[in-house]
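A quick write-up on the structure given underneath.
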2 protein chains.
Amino acid sequence: MGKPHEERKEEIIRKTLELAADKGVTRLTTQAIADRVGIAQSTIFKHFKTRDAILGAAIKWISSQIFSLLEQTSKESSSPRERLHHLINRHLTLVSKHKGLPRLLFSDRLHLESPHLKKAVQQVMSTYMKRVSEIIREGIEEGQFRNDADPEETARCFVALLQGLIVRWSIFDFSFPIEKEGEELWRFLWSSLAPSQEEDRDPL
Amino acid sequence: MGKPHEERKEEIIRKTLELAADKGVTRLTTQAIADRVGIAQSTIFKHFKTRDAILGAAIKWISSQIFSLLEQTSKESSSPRERLHHLINRHLTLVSKHKGLPRLLFSDRLHLESPHLKKAVQQVMSTYMKRVSEIIREGIEEGQFRNDADPEETARCFVALLQGLIVRWSIFDFSFPIEKEGEELWRFLWSSLAPSQEEDRDPL
DNA sequence: ATGAAAGGTGAGTGATTAATCGCTTTCTTT
DNA sequence: AAAGAAAGCGATTAATCACTCACCTTTCAT
């Protein structure tokens, strides 16, 4: 017999993300997934009820990865500045390890075909921005970031920088090392968040 | 008889962009386009050889709009700071007027099905970043921007901020006024580009 | 031993979709 | 007026795709 249900399910999700990276969501057919897993196309439906259920499971997996990223960062005992820096690195490492992630998240098949999955993605983004804004607020209170920065506003820009970089990376077919550009992104962010010398001298 | 060739062609491109905004690229079938234009599906092919040719023409139209945006900004006699600010506003106004733009540019059908169109998009992005870096370099030389900023690096972050904002706007179904968030984006950018007081005092 | 359940297969089915084709109508040119 | 081109139409075609179904094989609990 074949592999047990749960194991096969995980395998299908894994291969689905691989395929999304290689061929895009449009070519992400049940036949293509089955081929890569090494089973018949019809067998796919022994493990998932519909094709959308596969995409849903993949999105859920991605979400859990990103949430664990956020949690890991929130728990960290280091300074807000370091936590933000680490979050960028962790995020880009995750994405570069799973290139199918941006392809899936930005695909319109996901957004306009199944409102349920869209909601899930929106949820992740909202939570992400909230967490980042908390870190920034903390940094401002500690006097590590300039005190005229708006936490929510800056958090939105933080996420935009990440998303924008990832989109460009995806459009240019993953042809440059994204981790390196993450450092440049951090420098830019820091130049905006760093307090001026006068503030710095301020004893509070 | 119907409308003349060129006129109908433009109409098809226009309606295609509208449809991309409403239904996404996946639902952008020749039937859907024909319905919106008010002609038979087969008539579409009197004006375009293939469906991809329609997408190609739409991309070309978008590119020309963005290029004219860049040119307009470059020609402007105002300061680099004001030009950057205006570029953001003009870009977001263009995008908000044509919501199909991001949907088309980020669709994987475009990227992985026709390498030719992908190249065109990459070209636009590269040119865009180059132009922005030129403005930034100018601003640094004039002492209007902090002199430790790297023009290329900052240009990449500029584009990432814009793209990231547009992606989020698209994911959240255009549900917030993007022009307003453009201002917030500009504030963030400026806080990173503005020279420190000491530099400011520096007579050069 | 046996029979049910799990995992797997190949051969379909119906829906969707880009593209073709033969034909008609309308306008322009000679 | 006749000819030809341009713009349009309906019907059709071939391909693709998600999903179903009847059947097979292995495993394992009774």
Considering only side-chain heavy atoms of B/Ile39, which listed nucleotide, C/dA19, D/dC9, C/dG10, is closest?
D/dC9
Over how many whole Å does the gap from A/Glu7 atom CD to C/dG8 atom C1' extend?
15 Å
Considering just the side-chain nitrogens and oxygens of A/Thr43, establish if one lies under 4.0 Å of OP1 or OP2 belonging to C/dG7.
no
Please say whether more than 12 non-hydrogen atoms of neighbouring residues, nucleotides or ligands are located less than 6.0 Å from NZ in A/Lys118.
yes
Please state how far atom CZ in A/Phe45 lies from atom C1' in C/dG10, giving the value in whole angstrom units.
15 Å
Length of the line joining A/Arg51:CZ and D/dT20:P, which is rounded to integer Å
15 Å
Check whether any side-chain heavy atom of A/Leu185 lies under 4.5 Å from a side-chain heavy atom of A/Trp190, and answer yes or no.
no
Using every non-hydrogen atom in the two residues, find where B/Pro80 and B/Gln144 come nearest and quote the distance to one decimal.
CD-OE1, 3.2 Å
Under-4.0 Å salt bridge between A/Asp22 and A/Arg36
yes
Nearest nucleotide by nearest heavy atom, which residue falls closer to the 5' end of DNA chain D, B/Lys3 or B/Ser42?
B/Lys3
Heavy-atom side-chain contact between A/Asp150 and A/Ile136 under 4.5 Å
no
What is the separation between atom CG on A/Asp35 and atom P on C/dG10, rounded to the nearest whole Å?
11 Å
Between P on C/dG7 and NZ on A/Lys49, what's the gap in Å once rounded to a whole number?
16 Å
Contact residues, residues 8-33 of chain B to DNA chain C [heavy atom, < 4.0 Å]:
B/Thr29, B/Thr30
Produce the list of close N/O pairs, under 3.5 Å, pairing protein atoms with atoms of nucleotides 22-30 of chain C; give distances to one decimal.
| residue | atom | partner | partner atom | Å |
| --- | --- | --- | --- | --- |
| C/dT26 | O3' | B/Met1 | N | 3.0 |

In terms of heavy-atom contacts, does CD of A/Glu76 have more than 12 from other residues, nucleotides or ligands at under 6.0 Å?
yes
Between the opening five pairs and the closing five pairs of the helix from C/dA1-D/dT30 to C/dT30-D/dA1, how far apart are the helix axes, to 10°?
10°
With a 4.0 Å cut-off on N to O distance, would you call B/Glu18 and B/Lys99 a salt bridge?
no
In this structure, CG of B/Leu105 is separated from CD1 of B/Ile62 (nearest 0.5 Å) by 5.0 Å
Run the salt bridge (Lys or Arg N to Asp or Glu O under 4.0 Å) test on A/Asp173 and A/Arg168 for me, step by step, so that the C-alpha distance in whole Å, both residues' side-chain angles and the decisive distance to 0.1 Å come before the verdict.
CA-CA 9 Å; A/Asp173 281 323; A/Arg168 177 161 57 87; over 6 Å; no
Take the protein atom CD1 of B/Ile44 and the nucleotide atom C1' of C/dT17, then report the distance between them rounded to whole Å.
13 Å
What is the separation between atom CG on B/Asp52 and atom P on C/dT17, rounded to the nearest whole Å?
16 Å
Can you tell me how far CD of A/Glu152 sits from SG of A/Cys157, rounded to the nearest 0.5 angstrom?
12.0 Å
Comparing nearest nucleotides in DNA chain D, the 5'-proximal residue of the pair B/Gln41, B/Gly2 is B/Gly2
A/His47 side-chain N/O to C/dA6 phosphate OP1/OP2 under 4.0 Å:
no
Would you call A/Ile88 and A/Phe158 a side-chain contact if the rule is heavy atoms closer than 4.5 Å?
yes
Got a salt bridge between B/Arg156 and B/Glu153, using NZ or NE/NH1/NH2 to carboxylate O under 4.0 Å?
no
